S.K.: 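Provided herewith is a single structure, encoded as structure tokens, for subsequent inquiry.
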Amino acid sequence: MHTFDYRPELLITAWLIALFALSVAFDIASRVLGLERNATFGWWLGGSLSVGTGLWAVDVLALLASHAPGAVTNQSAYVLGAWVLAVGAVGTALRIAAQPRISTRRKVVGYAATAVLLGGTHFAVVSAIGLDQQVFERPGTVLLGIAATLVAGVLFLAGLAKSQGIGAVRGWAWHLIAAGGLSVVFIGQIWLGVAGWAVTVGAPGEGQLSANALALLAGTAASVALTMTRLMAKLERRLTGRTEELAASLRQANEDLQKIAYQDPLTLLPNRYVFEQRLEAAVARAERDGSRLALLFIDLDGFKPINDSFGHSSGDTVLHAVGERLRTIARQGDTMARVGGDEFLMLLEGAPDEGSAALVASRVLATLGQPYSLGEKEVTVSCSIGIVFYPDGGARSKLIAHADAAMYSAKRAGGSTYCFFEPRMEADAREQVELLRDLRRAVEQGELELYYQPKIDAHSGQITAAEALLRWHHPVRGLVLPSVFIPVAERFGVIGALGTWVIEDACRQVREWREAGLAMRVAINLSAHQMRQEDLVERLQGALRRHRIDPSLLTCEITESVAMEDTRATQNAFQRLGRAGIHLSIDDFGTGYSSLSYLRQLPAEELKIDRSFIMDLESSDDARAIVDAVVRLAHALGLKVVAEGVDSPRQCEILMGLGCDGLQGFLFARPMSAEALLEWAIEDRSEASEFRPSLFVDSAQPVWH
């Protein structure tokens with residue numbers, strides 16, 4: 001019995017599976033190109049099985065869509081053969097797609113094989129469903145179906161090849177459109193083939209398979225296979241994307257490591273490693289050519305207060321600007337580098353002489369000395385420069401150290417200048433290293449001691465206070481004065497430990513004197529480093545509490561230059577110290593550049609006139625006028641005035657005539673140990689001369705508050 005019925009639900013299912021299968025095929029084809037061989041084989045095999053199953057199911061469902069419900073011939077061999085042919089057709093097509101540079105002959109053979117295999121799939125499916133004896137009653141339609149099958153195969157393979165050039169961003173849209181069009185072609189070629197076949201149907205019986213069961217089997221198998229492939233592709237794409245992200249991150253990390261290894265990240269200048277490599281090469285060239293080169297060691301002056309006052313971000317801004325300015329100064333062939341916090345190196349080639357090196361150093365001083373903008377504020381820093389020549393300045397291994405020694409000489413000369421290296425500087429540098437080594441152990445080994453020099457009240461002759469002066473009893477060098485080791489301590493960061501020791505020992509000594517009946521205020525000197533310490537007041541208060549000392553018995557002396565170095569930090573520190581009840585004094589007044597408005601804001605109680613003015617007091621009218629002006633100014637501001645360095649009776653008389661409140665100097669006493677000062681204080685008061693006043697130890701409070 002010959003029937004030709006139409007079942008739209010199967011036809012729609014066939015079209016959807018065809019759409020799904022072709023989309024998966026295009027996706028796989030776009031992925032296999034460029035993959036490693038193992039990965040290509042895996043996707044080729046998986047794609048062949050899943051897409052081949054899909055096309056086999058399309059053929060089955062499309063044919064069954066024209067088949068009345070009932071039974072089909074149970075030909076398992078034909079069903080399996082059709083599936084194998086479909087898988088082979090897809091495998092052949094994917095194989096060709098994975099080899100875009102295949103020869104034309106092989107490509108033609110591949111196209112033909114794909115079409116034949118697809119046609120064979122169609123024939124096998126029809127044979128599995130069942131044919132009657134009138135299979136060739138419509139030969140024209142059969143030939144048209146065969147031609148359509150060939151066209152569908154060629155279009156399928158061409159679509160796979162085209163998908164190779166589709167990018168990931170717009171690939172999904174092209175795949176969908178192409179799959180949709182090609183799926184219609186596939187359904188069409190199948191139905192053209194159906195028109196040429198006569199299908200036999202009948203009631204289900206033994207040895208036969210229900211048409212619905214076969215449709216369900218084909219649809220389920222194709223859906224599962226294609227879905228699994230699509231999920232695997234999606235998972236692989238996600239893993240690949242993640243791998244690419246990790247690879248990109250790794251590449252970026254390697255680039256960053258390269259920059260860290262060879263470039264200072266803040267100034268973008270070469271780092272020390274790169275500089276030394278270039279210095280090595282420059283020295284080799286200089287030796288070969290018999291020429292000279294110059295090395296400049298540049299260190300910023302007063303940079304630390306910027307970090308302490310405005311924060312490290314502001315300090316970084318200044319350093320970044322310094323790097324930019326140095327790049328503008330450097331000539332072609334010069335090498336710049338940042339080698340430390342605020343330390344820079346500059347290598348000059350081209351046989352420079354003293355004149356050209358000095359000219360470059362002067363340009364560096366002028367350029368770096370220009371103000372730096374920090375938001376709405378401006379700061380100014382200078383620099384000190386050490387210059388050394390090769391081969392004049394020693395071996396290559398010592399060039400940087402020699403330039404550093406010359407730079408430090410420039411700093412000791414007041415900064416904002418340059419110095420050429422001299423052999424004696426190497427000895428000085430070596431001595432500083434040894435001194436630093438011993439200084440670090442001096443506190444632990446008890447080699448430090450405070451000496452005290454009295455301050456005398458000019459009106460009553462009473463001792464009102466004593467200034468604590470640090471001394472170092474070196475086991476080999478003997479007595480070392482602060483002028484020798486304090487600069488070393490400040491340069492190498494030991495000044496903080498020394499300052500803490502002075503605070504503690506001075507408070508301890510005040511307590512001992514109090515218990516011995518001597519009421520003595522002690523003055524200690526605070527360095528610029530201590531003034532920038534946030535916990536300075538807390539450490540002072542802690543020492544006062546531990547030794548049960550009233551804060552008014554402690555005076556903190558800050559030099560005028562330190563006070564003006566960082567006015568914001570100084571004012572904050574002064575205010576906190578004043579609120580703590582600690583007596584405050586501005587030392588070495590007249591040597592700095594204080595503004596009257598700023599001086600008026602500081603809660604100081606005392607000014608100490610620098611000894612340089614006192615030395616010329618007897619012979620210089622200018623010195624006398626300056627002292628007179630300072631005394632009047634201080635009194636107008638409500639401040640006491642102490643003159644230091646009083647060494648003669650005439651100086652004492654002049655100062656008393658000018659209204660000076662306090663006197664300090666060798667005329668009265670040299671700095672002495674705490675024990676010597678106590679003995680000096682308890683001597684017979686009747687022995688006191690006009691300029692050696694007697695001591696009053698019965699007063700519980702000092703004269704000045």
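In what follows, every heavy atom counts, from backbone to side chain, and hydrogens, waters and symmetry copies are set aside. What you see is a predicted model, and the numbers here were worked out from it, not measured in a lab.
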S.K.: Partners of Ile549 by side chain to side chain contact (heavy atoms under 4.5 Å, CB included), sequence neighbours excluded?
M.R.: Val510, Arg511, Leu544, His547, Leu553
S.K.: Mind listing the closest non-hydrogen atom pair of Ile463 and Pro454 along with its distance?
M.R.: CD1-CB, 4.1 Å
S.K.: Do Asp622 and Asp616 make a side-chain contact, defined as non-hydrogen atoms from C-beta onward lying under 4.5 Å apart?
M.R.: no
S.K.: Do Phe613 and Val630 make a side-chain contact, defined as non-hydrogen atoms from C-beta onward lying under 4.5 Å apart?
M.R.: no
S.K.: Quick one: pull up CD1 in Ile524 and SG in Cys556 and give me the separation to the nearest 0.5 Å.
M.R.: 4.5 Å
S.K.: List the steps, then state whether side-chain contact (heavy atoms from CB on, under 4.5 Å) holds for Val502 with Leu450.
M.R.: CA-CA 7 Å; Val502 168; Leu450 288 181; 4.1 Å; yes
S.K.: Measuring only between side-chain heavy atoms, which start at C-beta, is Glu447 closer than 4.5 Å to Pro475?
M.R.: yes
S.K.: Any idea which heavy atoms bring His320 and Leu266 closest together, and the distance?
M.R.: ND1-O, 2.9 Å
S.K.: Quick check against the 3.5 Å criterion: does Asn271 have a side-chain atom that pairs as donor or acceptor with the backbone of Val274?
M.R.: yes
S.K.: Counting heavy atoms not belonging to Met615, are there more than 12 under 6.0 Å from its CE?
M.R.: no
S.K.: Write down the atom of Gly645, the atom of Arg611, and the distance for their closest heavy-atom approach.
M.R.: CA-NH1, 3.2 Å
S.K.: Would you say the side-chain atoms of Arg338 pair up with the backbone N or O of Gly341, donor to acceptor, closer than 3.5 Å?
M.R.: yes
S.K.: Using the side chain to side chain donor-acceptor pair (under 3.5 Å) definition, which of the options Glu644, Gln453, Lys455 pairs with Gln664?
M.R.: Gln453
S.K.: Looking only at heavy atoms, which two atoms of Thr380 and Gly369 are closest? And how far apart?
M.R.: CG2-O, 3.3 Å
S.K.: Using distance alone, with no hydrogens and no angle criterion, decide if Ser384 and Asp301 have a side-chain donor and acceptor under 3.5 Å apart.
M.R.: yes
S.K.: Between CD of Glu449 and CZ of Arg471, what distance do you get to the nearest 0.5 Å?
M.R.: 9.5 Å
S.K.: Below 6.0 angstrom between ring centroids: does that apply to Tyr452 and Trp513?
M.R.: yes
S.K.: Do His402 and Met425 come close enough that some side-chain heavy atom pair is under 4.5 Å?
M.R.: no
S.K.: Taking all heavy atoms of Leu365 and all of Ser416, pick out the closest pair and write down the distance.
M.R.: CD2-C, 3.9 Å
S.K.: Are Val642 and Asp661 close enough, and set up right, to give a side-chain contact (heavy atoms from CB on, under 4.5 Å), and what steps lead you there?
M.R.: CA-CA 6 Å; Val642 175; Asp661 303 288; 5.8 Å; no
S.K.: Should the heavy atoms of other residues, nucleotides or ligands under 6.0 Å from CZ of Arg670 be counted, would the total exceed 12?
M.R.: no
S.K.: Honestly, is Arg325 close enough over Tyr372, meaning NZ or CZ under 6.0 Å from the six-membered ring centre and within 45° of the axis?
M.R.: yes
S.K.: What is the distance from atom CZ of Arg327 to atom CD1 of Ile329, rounded to the nearest 0.5 Å?
M.R.: 11.5 Å
S.K.: Can a side-chain donor-acceptor contact be found between Asp550 and Ser552 if the only test is distance below 3.5 angstrom?
M.R.: yes
S.K.: The criterion is side chain to side chain donor-acceptor pair (under 3.5 Å); which residues satisfy it with Gln541, sequence neighbours excluded?
M.R.: none
S.K.: If the threshold is 4.0 Å, N to carboxylate O, is there a salt bridge linking Arg548 and Glu515?
M.R.: yes
S.K.: To the closest 0.5 Å, what do you measure between CD (Glu675) and CG (Leu677)?
M.R.: 10.0 Å
S.K.: Does any part of the side chain of Gln509, heavy atoms only, come nearer than 4.5 Å to the side chain of Met520, both counted from C-beta?
M.R.: no
S.K.: Does Gln651 use its side chain to pair, donor to acceptor, with the backbone of Asp647 at less than 3.5 Å?
M.R.: yes
S.K.: Do NZ/NE/NH1/NH2 and the carboxylate oxygens of Asp628 and Arg632 come within less than 4.0 Å?
M.R.: yes
S.K.: For Asp621, is the CG atom crowded, meaning more than 12 foreign heavy atoms sit under 6.0 Å from it?
M.R.: no
S.K.: Of all heavy-atom pairs between Gly302 and Val381, which one has the smallest distance, and what is that distance?
M.R.: O-CG1, 3.9 Å
S.K.: Do Gln530 and Ile558 have side chains that approach each other closer than 4.5 Å (heavy atoms only, starting at C-beta)?
M.R.: no
S.K.: With side-chain contact (heavy atoms from CB on, under 4.5 Å) as the test, would you mind laying out the steps for Arg521 and Thr464 before giving the verdict?
M.R.: CA-CA 7 Å; Arg521 173 185 286 150; Thr464 58; 5.8 Å; no
S.K.: List for me each residue that meets side chain to side chain donor-acceptor pair (under 3.5 Å) alongside Arg545, sequence neighbours excluded, and say none if there are none.
M.R.: none
S.K.: Is there a side-chain contact between Tyr418 and Ser362 (heavy atoms, below 4.5 Å)?
M.R.: yes
S.K.: Please tell me if the side chains of Leu470 and Phe485 come closer than 4.5 Å, counting only heavy atoms from C-beta onward.
M.R.: yes
S.K.: Is the closest basic N to carboxylate O distance between Glu653 and Arg650 below 4.0 Å?
M.R.: yes
S.K.: Distance check, rounded to the nearest 0.5 Å: Arg441 atom CZ versus His474 atom NE2?
M.R.: 7.5 Å
S.K.: For the residue pair Arg272 and Phe275, would you count it as a cation-pi contact if the rule is NZ or CZ under 6.0 angstrom from the ring centre and within 45 degrees of the ring axis?
M.R.: no
S.K.: Run the side-chain contact (heavy atoms from CB on, under 4.5 Å) test on Leu469 and Asn525 for me, step by step, so that the C-alpha distance in whole Å, both residues' side-chain angles and the decisive distance to 0.1 Å come before the verdict.
M.R.: CA-CA 8 Å; Leu469 303 171; Asn525 294 281; 4.3 Å; yes
S.K.: Which value, rounded to the nearest 0.5 Å, describes the distance between Leu678 atom CG and Glu512 atom CD?
M.R.: 9.5 Å
S.K.: Can Thr555 and Glu606 be counted as having a side-chain donor-acceptor contact under 3.5 angstrom?
M.R.: no
